[in-house]
Q: 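Take this structure first; my questions come after.
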Amino acid sequence: MSFTAIDAWWWPYLFILIAGWLATNIWRYAGVLLGRKLDETSAAFMLVRSIATALVAAVIARLVIFPSGALADTALPLRLGAAIVGFAAFLLAGQKMAVGIGVGLAILVTGMLLGF
């Protein structure tokens, strides 16, 4: 079965849904099975956690520095400022993710509405 096998409007969406589910869930199940007996303070666990954190940071940095879509129409200082203030709010609120995201988003939207 291939992407072009069925000529229906819904087929590409179903294909992407199934392929995305298979690609991610196999690794999730493998991680649960393999990491079940892994000590949280072990060097292997710390390495995996560090790599995962670095990947998330890299994706966020890419979105801020090289955005696409409507975000590309905003100025770099606005995007950087929203990220920095949002991170500061996250830390000041006791590492509550919703606070950091909300503050950063509020700054970004306000700046976009003001034309920055």
Q: Is there a path of hydrophobic side-chain contacts, each under 4.5 Å between heavy atoms, that joins Leu17 and Trp10?
A: no
Q: Just verifying a value: how many Å separate Leu108 CG and Leu113 CG, rounded to the nearest 0.5 Å?
A: 9.5 Å
Q: For the residue pair Ala83 and Val64, what are the closest heavy atoms and their distance?
A: CB-CG2, 4.3 Å
Q: With side chains defined as the heavy atoms from C-beta onward, is the minimum distance between Thr74 and Leu71 less than 4.5 Å?
A: yes
Q: Search all heavy atoms of Glu40 against all heavy atoms of Met46 and return the closest pair with its distance.
A: O-SD, 3.9 Å
Q: CD/Gln95 to CZ/Phe87 distance, rounded to the nearest 0.5 angstrom?
A: 8.0 Å
Q: Test of understanding: clusters of I, L, V, M, F, W, Y form through side-chain heavy atoms closer than 4.5 Å, transitively. Do Ile26 and Leu33 belong to the same one?
A: no
Q: Specify the closest pair of heavy atoms between Arg79 and Ala72, including all atoms of both residues, with the distance to one decimal.
A: NH1-O, 4.4 Å
Q: Going only through I, L, V, M, F, W and Y residues with side-chain contacts under 4.5 Å, is there a path from Leu105 to Ile107?
A: no
Q: Considering residues at least two apart in sequence or located in another chain, which fulfil the side-chain hydrogen bond (donor to acceptor under 3.5 Å, both in side chains) criterion with Asp7?
A: none
Q: Minimum heavy-atom separation for Phe45 to Asp39, with atom names?
A: CB-O, 3.5 Å
Q: Please name the pair of heavy atoms, one in Ala89 and one in Val99, separated by the smallest distance, quoted to 0.1 Å.
A: O-CG1, 3.9 Å
Q: So, do Arg62 and Val59 sit near enough that their side-chain heavy atoms are less than 4.5 Å apart?
A: no
Q: Do Leu22 and Trp11 land in one hydrophobic cluster if side-chain heavy atoms of ILVMFWY residues count as linked below 4.5 Å?
A: yes
Q: Linking I/L/V/M/F/W/Y whenever any side-chain heavy atoms sit under 4.5 Å apart, do Tyr29 and Val32 land together?
A: no
Q: Could you tell me which residues satisfy side-chain contact (heavy atoms from CB on, under 4.5 Å) with Thr110, sequence neighbours excluded, listed by chain and number?
A: Leu114
Q: In the structure I gave you, are the side-chain heavy atoms of Phe90 and Lys96 within less than 4.5 Å of one another anywhere?
A: no
